[in-house]
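Proteins get letters first, then strands, A, B, ... in listed order; numbering begins at 1 in each. Just so we're clear, the structure is a prediction, and the values are computed from it rather than from any experiment.
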Amino acid sequence: SQQGEEDPQALSIQEGENATMNCSYKTSINNLQWYRQNSGRGLVHLILIRSNEREKHSGRLRVTLDTSKKSSSLLITASRAADTASYFCATVGSGGYQKVTFGTGTKLQVIP
Amino acid sequence: SQTIHQWPATLVQPVGSPLSLECTVEGTSNPNLYWYRQAAGRGLQLLFYSVGIGQISSEVPQNLSASRPQDRQFILSSKKLLLSDSGFYLCAWSSSHYGYTFGSGTRLTVV
């Protein structure tokens with residue numbers, strides 16, 4: 001069953017604005033990852049945050065993780081038209097085989 | 001550096017025909033390999049994963065099978081395609097440090 005659920009399903013913003021996407025999950029995790037997918041293409045790994053981390057930055061990306069609430073957020077600052085894509089969170093379970101479960105994604109449109 | 005190759009990029013096949021999608025990885029040894037399917041506008045569904053040569057685990061009963069004949073080669077197959085097999089198929093390998101690296105995907109349309 002799907003564990004990661006992104007919110008909102010779709011987001012439309014003006015270029016230069018910040019975009020925030022949220023991800024909720026249900027069981028304990030080893031780490032949580034965010035991916036980007038341009039239409040009709042494979043997924044590109046953006047950032048990985050481990051269960052013992054609370055915040056991570058990579059360029060214009062900021063990811064937070066709240067394990068008590070089982071939620072994560074991805075913030076894209078100063079958005080650009082090229083950021084238009086679908087964004088997925090993926091949770092990696094703890095334990096032997098670290099099963100990865102992807103959410104259904106947030107479709108972001110950045111209007112120039 | 002590690003790279004992953006997946007082909008073909010698009011494929012149109014008639015119902016009942018066989019399928020073979022291939023994925024190869026370079027620059028790493030003994031990778032964990034995965035096949036995912038993505039229906040239109042949906043998230044990714046894990047179909048198969050492999051932790052080594054000849055070791056295949058199936059996540060969902062399917063009209064599909066997978067094989068790993070070599071360390072860095074992962075093949076997705078079907079003997080007879082169904083209309084419901086249409087979708088976007090993605091191969092991936094994983095590392096504990098860098099998450100998943102995906103291939104560019106195969107758009108399969110069964111007609």
Side-chain angles (χ1 to χ4, degrees), chain A residues 1-10 21 23-25 29-51 53 56 58 61 63 65 72 74 85-109, chain B residues 1-11 21 23-25 28 31-52 55-60 74 76 86-109:
Chain A
S1 62
Q2 292 283 0
Q3 165 148 262
E5 294 291 337
E6 287 93 342
D7 166 53
Q9 291 187 343
M21 288 160 269
C23 171
S24 60
Y25 58 92
I29 61 171
N30 177 284
N31 65 74
L32 185 144
Q33 303 167 29
W34 284 92
Y35 291 81
R36 167 201 169 115
Q37 183 181 34
N38 286 73
S39 181
R41 306 293 298 273
L43 278 73
V44 175
H45 181 258
L46 295 176
I47 200 164
L48 181 156
I49 186 165
R50 300 193 185 281
S51 59
E53 298 176 307
K56 209 161 183 179
S58 177
L61 304 180
V63 169
L65 178 65
S72 173
L74 170 67
S86 291
Y87 292 82
F88 294 86
C89 71
T91 52
V92 181
S94 52
Y97 167 62
Q98 297 178 336
K99 181 176 177 178
V100 179
T101 306
F102 286 84
T104 51
T106 291
K107 201 165 188 177
L108 172 66
Q109 181 185 25
Chain B
S1 63
Q2 301 90 355
T3 57
I4 181 167
H5 302 280
Q6 185 181 343
W7 68 94
T10 59
L11 193 58
L21 302 181
C23 171
T24 59
V25 180
T28 185
N32 289 341
L33 297 173
Y34 310 84
W35 278 110
Y36 283 87
R37 177 168 64 197
Q38 184 179 30
R42 302 291 300 278
L44 277 74
Q45 178 186 39
L46 178 63
L47 301 176
F48 301 96
Y49 69 90
S50 172
V51 299
Q55 299 179 62
I56 309 294
S57 295
S58 174
E59 284 291 302
V60 182
F74 204 24
L76 183 69
S86 293
F88 190 50
Y89 289 83
L90 289 157
C91 177
W93 74 276
S94 68
S95 86
S96 58
H97 295 292
Y98 303 112
Y100 277 35
T101 301
F102 283 85
S104 52
T106 296
R107 174 75 58 196
L108 171 66
T109 304

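Looking at B/Gln6, neither its backbone nor its side chain comes within 4.5 Å of chain A, counting heavy atoms on both sides. Interface remark: A/Gln9 contributes no atoms to any contact with chain B (heavy atom separation under 4.5 Å).
Per-residue heavy-atom pair counts under 4.5 Å with chain A were compared for B/Ala9, B/Ser104, B/Cys91, and the maximum is reached by B/Ser104.
The side-chain contact (heavy atoms from CB on, under 4.5 Å) test with B/Leu44 is passed by exactly one of A/Thr101, A/Thr104, A/Leu43: A/Leu43.
Under the 3.5 Å distance criterion, the side-chain polar atoms of A/Tyr35 are matched with a main-chain donor or acceptor of B/Tyr100.
For A/Arg41, the CZ atom counts as loosely surrounded, since its 6.0 Å shell holds 12 or fewer non-hydrogen atoms of other residues, nucleotides or ligands.
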